[in-house]
Amino acid sequence: VQLQASGGGLVQPGGSLRLSCTASGRTFSIMGWFRQAPGKEREFVATKRWAGTYYSDSVKGRFTISRDNAKNTVYLQMNNLKPEDTAVYYCAARTADIIAGVIRDPDRYDYWGQGTQVTVSS
């Protein structure tokens, strides 16, 4: 099983990027994104399960997660990027569904991609 993330890069504040993560080897009930900035813990960004879509408060209204089940791929469209969005972004997946109350916990995810750097700077 492998998760391959791509799409990171350098962008100016207010700009946009789209991240992609393609899974191979199996399908997942939940696929999402976390990020980790230097010196900080890994934090939840967004995730999508069959029953719903979830966002952190810091990205709600700016980021959109979507999923193409035929391609086994999850996307993260990031608009109006801010310097505080700078981090390594990781896609994550979970085989079985879980309750919404714990869906933001990174320890609940079984598989992780390699990470892709997003830098927002002028």
Side-chain angles (χ1 to χ4, degrees):
V1 177
Q2 188 175 15
L3 300 179
Q4 184 68 42
S6 62
L10 172 64
V11 64
Q12 293 186 343
S16 298
L17 283 174
R18 189 176 83 151
L19 306 183
S20 301
C21 176
T22 299
S24 59
R26 69 172 305 147
T27 57
F28 297 97
S29 295
I30 302 171
M31 295 185 74
W33 295 91
F34 290 76
R35 66 187 181 187
Q36 188 166 18
K40 295 187 177 181
E41 293 185 354
R42 191 168 296 189
E43 66 169 348
F44 170 78
V45 176
T47 200
K48 191 168 181 64
R49 55 197 282 250
W50 309 122
T53 302
Y54 306 85
Y55 296 95
S56 69
D57 289 341
S58 61
V59 307
K60 195 176 297 182
R62 300 187 297 122
F63 292 10
T64 302
I65 189 171
S66 60
R67 188 167 170 178
D68 185 334
N69 292 326
K71 295 181 179 180
N72 214 11
T73 297
V74 64
Y75 304 95
L76 186 69
Q77 177 65 43
M78 305 185 294
N79 297 329
N80 190 21
L81 282 160
K82 303 176 180 180
E84 51 263 42
D85 295 317
T86 295
V88 177
Y89 283 69
Y90 297 90
C91 63
R94 180 180 164 92
T95 306
D97 200 6
I98 50 174
I99 60 174
V102 296
I103 207 165
R104 293 170 175 81
D105 182 355
D107 291 337
R108 300 288 182 163
Y109 290 75
D110 307 311
Y111 299 93
W112 291 84
Q114 82 283 10
T116 184
Q117 177 71 46
V118 172
T119 302
V120 185
S121 175
S122 55

Under the side-chain contact (heavy atoms from CB on, under 4.5 Å) test against R35, which residue among D85, T116, T86, V88 passes? D85
Please evaluate residues S16 and Q77 with respect to the criterion side chain to side chain contact (heavy atoms under 4.5 Å, CB included), reporting the C-alpha separation (whole Å), side-chain torsions for both, the decisive distance (0.1 Å), and the verdict. CA-CA 7 Å; S16 298; Q77 177 65 43; 3.9 Å; yes
Will you find, in the side chains of T119 and Q117, an N or O donor that is under 3.5 Å from an N or O acceptor? yes
Looking at [X] and [Y], would you say the former's side chain and the latter's main chain have a donor-acceptor pair under 3.5 Å?
| X | Y | result |
| --- | --- | --- |
| Q114 | A5 | yes |
| R62 | N80 | yes |
| R67 | N69 | no |
| N72 | R26 | yes |

Is it the case that atom CD in E41 sees more than 12 heavy atoms from other parts of the structure closer than 6.0 Å? no
The reported gap from NZ in K48 to OG in S29 (rounded to nearest 0.5 angstrom) is 13.5 Å
Closest non-hydrogen atom pair, [X] against [Y]:
| X | Y | answer |
| --- | --- | --- |
| P13 | S122 | CD-N, 3.7 Å |
| A87 | A37 | CB-N, 3.8 Å |
| W112 | Y109 | NE1-O, 3.6 Å |
| Y54 | A100 | OH-CB, 3.6 Å |
| F34 | R104 | CE2-O, 3.5 Å |

The remaining residues in the hydrophobic cluster of V1, counting side-chain heavy-atom contacts under 4.5 Å among Ile, Leu, Val, Met, Phe, Trp and Tyr, are L3, V11, L17, L19, F28, M31, W33, V45, Y55, V59, F63, I65, V74, L76, M78, L81, Y89, Y111, V118, V120
Let me check something: do I99 and I103 share a hydrophobic cluster, defined by ILVMFWY side-chain heavy atoms less than 4.5 Å apart, either directly or through other members? yes
Quick check on the hydrophobic clustering: are I30 and V102 connected, directly or via other members, by side-chain heavy-atom contacts under 4.5 Å? yes
Salt-bridge test for D57 and K60: reply yes if a basic N is under 4.0 Å from a carboxylate O, no otherwise. yes
